[in-house]
Amino acid sequence: MKTGSVGRNALTRNFYDQPTLEVARSLIGARLCVKPGEQTISGIITETEAYIGEKDLGCHAKSGLTKRTAVMYGQPGMAYIYFTYGNHWMFCVVTEAAGIPAAVLVRTVVIDQGLELVSRNRGHVSRKHWSDGPGKLTQAMEIDGSQHGADITNPTSGIWIEEGRLIPEESVTIRPRVGLYNVPEPWKSIPWRYLVTRKTNLEDLWDY
DNA sequence: ATCTAGATGACCT
DNA sequence: GGTCATCTAGATG
């Protein structure tokens, strides 16, 4: 958990090679880690969304295989990172076997390592809002297009996810995905979003 | 606390 | 040219 074991419990390819909804649920409580330099920045994942296949009209793969979505068609456990709204990087992990375009978007983490770096990146807002949104967490953790396609199962890539906390079922809420304003039903309202309930004291997730 | 509007650029049609 | 898997500041109750 501390310095000595960083990267040793990285989730393996088998983990991501599962139905996307299972991966999205299982990632709640896991620890997303990056190592841009000497120091590691990490956070416990508390919100995810699933995007599954070409039929899912909320998923980028609805347009088929393009330059942008190619990573989603490849091996599970790779980083699918894209730029949107002219400002924001989004971080996703590819799921399911090669050929099936699907991914899990990480929407919120609670920072538990690298507080100094994150404070530098996000110090202009209160700690509560450091990484409570997909665009915010990439800014906090220094994730951008340069990590697109990175192997999340291999810590030497500089970005990985490791075992974190076990979050019990009663602490996980399932809701429709966010931000799909013009997506037709049933995709707009399908409950493929997982988040830790508000009642859960997020400070319990901190190591400090 | 809740809402609205504008930013800003890659991607797809 | 329209659409975005969003964020922030500023206004309003």
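Only heavy atoms go into these numbers, but all of them, side chains included; no hydrogens, no water, no symmetry mates. So you know, we letter chains A, B, ... as the sequences are listed, proteins then strands, and number each from 1.
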Given Watson-Crick and G-U pairs under 3.5 Å, DNA chain B in dot-bracket ([ ] crossing, | other strand) is |||||||.||||.
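The pair A/Lys128-A/Asp132 fails the salt-bridge criterion, with no side-chain N (NZ, NE, NH1 or NH2) lying under 4.0 Å from an Asp/Glu carboxylate O. Between A/Arg31 and A/Glu162, at least one side-chain nitrogen of the basic residue sits less than 4.0 Å from a carboxylate oxygen of the acidic one, meeting the salt-bridge criterion.
Atom NE2 of A/His148 and atom C1' of B/dA10 are 12 Å apart (whole Å).
Within the 4.0 angstrom heavy-atom criterion, only backbone atoms of the sugar-phosphate kind lie near A/Phe83; the bases stay farther away. Nucleic acid contact for A/Arg193: none, since no nucleic acid atom lies under 4.0 Å from a heavy atom of the residue. The residue A/Gly58 sits close to a base: some heavy atom pair falls under 4.0 Å.
Along DNA chain C, read 5' to 3', the first and last nucleotides having any atom under 4.0 Å from a heavy atom of chain A are C/dC4 to C/dT8.
Figure legend: A/Arg107 and A/Phe91 shown without cation-pi pairing, the cationic atom not lying both under 6.0 angstrom from the six-membered ring centre and within 45 degrees of its axis.
Shown here for A/Ala50 and A/Thr20, the closest heavy-atom pair between the two residues is CB-CG2, 3.7 Å. The two atoms that bring A/Val94 and A/Met72 nearest to each other are CG1-O, 3.8 Å, heavy atoms only.
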Dump the intermediate steps for ring-ring contact (aromatic ring centres under 6.0 Å, His included) on A/Tyr51 and A/His60, then the final yes or no. CA-CA 8 Å; A/Tyr51 290 86; A/His60 290 160; 7.4 Å; no
Would A/Asp56 and A/Arg177 count as a salt bridge (charged side-chain N to carboxylate O under 4.0 Å, His left out) if you check the C-alpha gap in whole Å, the side-chain angles of each, and the deciding distance to 0.1 Å? CA-CA 12 Å; A/Asp56 173 6; A/Arg177 297 174 293 184; 2.8 Å; yes
Distance-only check: which donor-acceptor pairs under 3.5 Å involve side-chain atoms of residues 98-106 of chain A, not counting sequence neighbours?
none

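Looking at A/Glu142 and A/Arg120, their side chains never come closer than 4.5 Å, going by heavy atoms from C-beta outward. Side-chain contact between A/Val110 and A/Trp130 is absent, with no heavy-atom pair separated by less than 4.5 Å.
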Under 3.5 Å, which N/O atoms of the protein pair with N/O atoms of nucleotides 11-13 of chain B?
residue: B/dC12; atom: OP1; partner: A/Thr66; partner atom: OG1; Å: 2.6

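Shown for residues 87-104 of chain A: residues whose heavy atoms fall under 4.0 angstrom of DNA chain C, namely A/His88, A/Met90, A/Cys92.
Crowding of A/Glu116 atom CD: a count of heavy atoms from other residues, nucleotides or ligands under 6.0 Å not exceeding 12.
A/Asp151 is linked by a salt bridge (charged side-chain N to carboxylate O under 4.0 Å, His left out) to A/Arg13, counting only residues two or more places apart in sequence or in another chain.
Residues A/Asn182 and A/Leu137 both approach DNA chain C. Their nearest nucleotides, taken by heavy-atom distance, put A/Asn182 toward the 5′ side.
The OH atom of A/Tyr194 sits 13.0 Å away from the CZ atom of A/Arg175 when rounded to the nearest 0.5 Å.
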